[in-house]
Number of protein chains: 2
Amino acid sequence: MIREACPTLAPQRREHIRLLVRESGIARVEDLRRELKVSVATIRRDLEVLEDEGKVRRVHGGAVSMENRLEESVFDDKTSQFSKQKRSIAEKAYNLIGPDDSVFLDGGSTTLCLARLLKDRNDLTVVTNSLRAAGELSDSGPRVILTGGELRKISQTMVGPLTSAVLNQVRVDKAFMGTMGFCLKNGLTTTDPNEAFVKSLIMEQASQVVLLADSSKAEKVSFARVSDWQKIDVLLSDHKLPSTFIKTLPKHGVKVHVV
Amino acid sequence: MIREACPTLAPQRREHIRLLVRESGIARVEDLRRELKVSVATIRRDLEVLEDEGKVRRVHGGAVSMENRLEESVFDDKTSQFSKQKRSIAEKAYNLIGPDDSVFLDGGSTTLCLARLLKDRNDLTVVTNSLRAAGELSDSGPRVILTGGELRKISQTMVGPLTSAVLNQVRVDKAFMGTMGFCLKNGLTTTDPNEAFVKSLIMEQASQVVLLADSSKAEKVSFARVSDWQKIDVLLSDHKLPSTFIKTLPKHGVKVHVV
DNA sequence: TTGTTTTTGATCGTTTTTGAAAGAATTGCA
DNA sequence: TGCAATTCTTTCAAAAACGATCAAAAACAA
């Protein structure tokens, strides 16, 4: 017998899984299979969806919850599908950087990934408003210039009028930007207007603007508008990027690379 | 039998190990094997991962915790004989801060000590050019404003013309300054002219300037001049401060407190 | 009804994890 | 120092888990 019935609706089952994972912080695929009476393939597919939604993080043998911040210590794992995509995107971005370039690094986990790759590039100048990116490069490697400004603690980035004051006085060859969401209609959006303003400002000062955004950001829209697609030169994303973007964005002058 | 089942997930097991190691500070491979009921090979591999993550340090026979040692290590790694004095000086400085004050924190280990004391003061605004001070206050506590500028890696502070651009636009009630050396003749001196310039600039913008300097800095002279004693309102030092300073400095308008 | 899409389970080749064994390194003791 | 005991690293094989693919069942649309 290949298939039986559809005992529960998929969203309902996924919600059940989410709660089970959150309850004990961690759950094994095999246990979930017994509990829900479906095949391991289905469990795996559900976990994949939940990971894309940011609810759980998959590990070999099961998944851990991402909803309780208590588990943050197991958070920084490099094996999760998400992190793999981010790293691939960051590596692609790294190859765009030429010798002696000056680059801007935006906040966000993908650009932080890129920062790590720059640790032994003594020829570069890195401008950033991300405290964590600066921290990664604070021991050795490129010349580091921080933008200054008020520290927005939730994103660990510097924003506000003081940031603008510095940004108006610098220029970079390439700006590597992150975003909370992007879609064809509204372009790039993020949650905080101050952050959005800083982003748009640095994009003005860059010869080339590269957007690093995995496919989970696609079709997401946030409160504050950052920029339209005209300002973006390159989009680096992963293979799950909806084909609409691959078809449409080149018409706006955006080169799209998926990894 | 080569292999059994996968009773616990690897991240869960590693978390368990981490806690065991942190609890007693040290744990032996053999003890962990008995506790977790896996082979020593697995324990060793887990310890290797935890070491890569900076959670433990492996030693022959087991591992020691690297957590909860951060406070002490930062205090200790800067000449432990002075760390208690630095802490006392920082506490004295803390008492000078009023409600809703805006303060500037300079780089250096004593001001970093002060930064730690400010972690739950939500009423304050802290301006700093020290990356480490910003890091201490990056999760909670006061509003944090970074000056921006080029990162001087040896001191983990931001310096240069971009820093000046921001500093010209802020004002603080109190500036808490460190120094590499001070003496009656040359006033305050430090190694880097860029750093010296930033220091003198912020002192211009402060209603009150407090110098935090333990007695080891007395009679030391560095390359770059920061300021003369006229600019300083208060000197906080320890009881080993040569009495010349206690006698002479009040004539220049400097209140001297020793702890 | 018929045809299409979605969901689910099974299979297969691959990757990851784990345990065991052998040789190298370290420690303790005389 | 030399020797024994313990511990570590390396290497290999088995078991478990994984991803990709395909086929059957169900849901859906016309």
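Values below: all heavy atoms of this structure, side chains included; hydrogens, waters and symmetry mates excluded. Naming: A, B, ... by sequence-line order, numbering from 1 per chain.
One end of the helix from C/dT1-D/dA30 to C/dA30-D/dT1 points its axis 40° away from the other end's axis, with each axis taken from 5 pairs and the angle rounded to 10°.
Electrostatic pairing of B/Lys153 and A/Asp139 does not count as a salt bridge here, judged by no charged N lying under 4.0 Å from a carboxylate O. No salt bridge links A/Arg14 with A/Glu53; every basic N to acidic carboxylate O contact stays at or beyond 4.0 Å. Between B/Arg57 and B/Glu51 there is no salt bridge, since no side-chain N of the basic residue sits under 4.0 Å from a carboxylate O of the acidic one.
In this entry the distance linking CG of A/Leu47 with C1' of D/dG19 reads 14 Å, nearest Å. When rounded to the nearest whole Å, the span between CG of A/Leu32 and C1' of D/dA17 equals 14 Å. Distance CD (A/Glu51) to C1' (D/dG19): 14 Å, rounded to an integer number of Å. Rounded to whole Å, the distance from NZ on B/Lys37 to C1' on C/dT18 is 17 Å. As a whole-Å value, the separation of A/Asp46 CG from C/dT6 P is 17 Å. Look at CD1 on A/Ile43: it is 14 Å from P on D/dG19, rounded to the nearest Å.
The minimum heavy-atom distance linking B/Arg87 with B/Leu117 is given by the pair NH2-CD2, 4.3 Å.
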Between N or O atoms, less than 3.5 Å apart, protein on one side and nucleotides 6-10 of chain D on the other: list the pairs.
unit_1 : atom_1 : unit_2  : atom_2 : d
D/dT7  : OP1    : B/Arg28 : NH2    : 3.1
D/dT7  : O4'    : B/His60 : NE2    : 3.4
D/dT7  : O3'    : B/Gly61 : N      : 3.1
D/dC8  : OP1    : B/Val59 : O      : 3.4
D/dC8  : OP1    : B/Gly61 : N      : 2.4
D/dC8  : OP2    : B/Arg44 : NH1    : 2.0
D/dC8  : O5'    : B/Arg44 : NH1    : 3.4
D/dT9  : OP2    : B/Arg58 : NH1    : 3.1
D/dT9  : OP2    : B/Arg58 : NH2    : 2.9

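Heavy atoms from other residues, nucleotides or ligands lying under 6.0 Å from NZ of A/Lys55 number more than 12. Few gaps surround CE on A/Met203; more than 12 heavy atoms of other groups in view lie less than 6.0 Å from it. Remark: A/Arg132 CZ is loosely packed, at most 12 non-hydrogen atoms of other residues, nucleotides or ligands lying under 6.0 Å away.
Put simply, B/Arg13 has a side-chain N or O that comes within less than 4.0 Å of OP1 or OP2 on C/dT18. Taking side-chain N and O atoms only, B/Thr42 has no distance below 4.0 Å to OP1 or OP2 of C/dT18.
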Tell me which donor-acceptor pairs under 3.5 Å the side chains of residues 252-259 of chain A have, and how far apart each pair is, sequence neighbours excluded?
none

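Side chains of A/Ser207 and A/Asp173: a donor-acceptor N/O pair is absent below 3.5 angstrom, by distance only.
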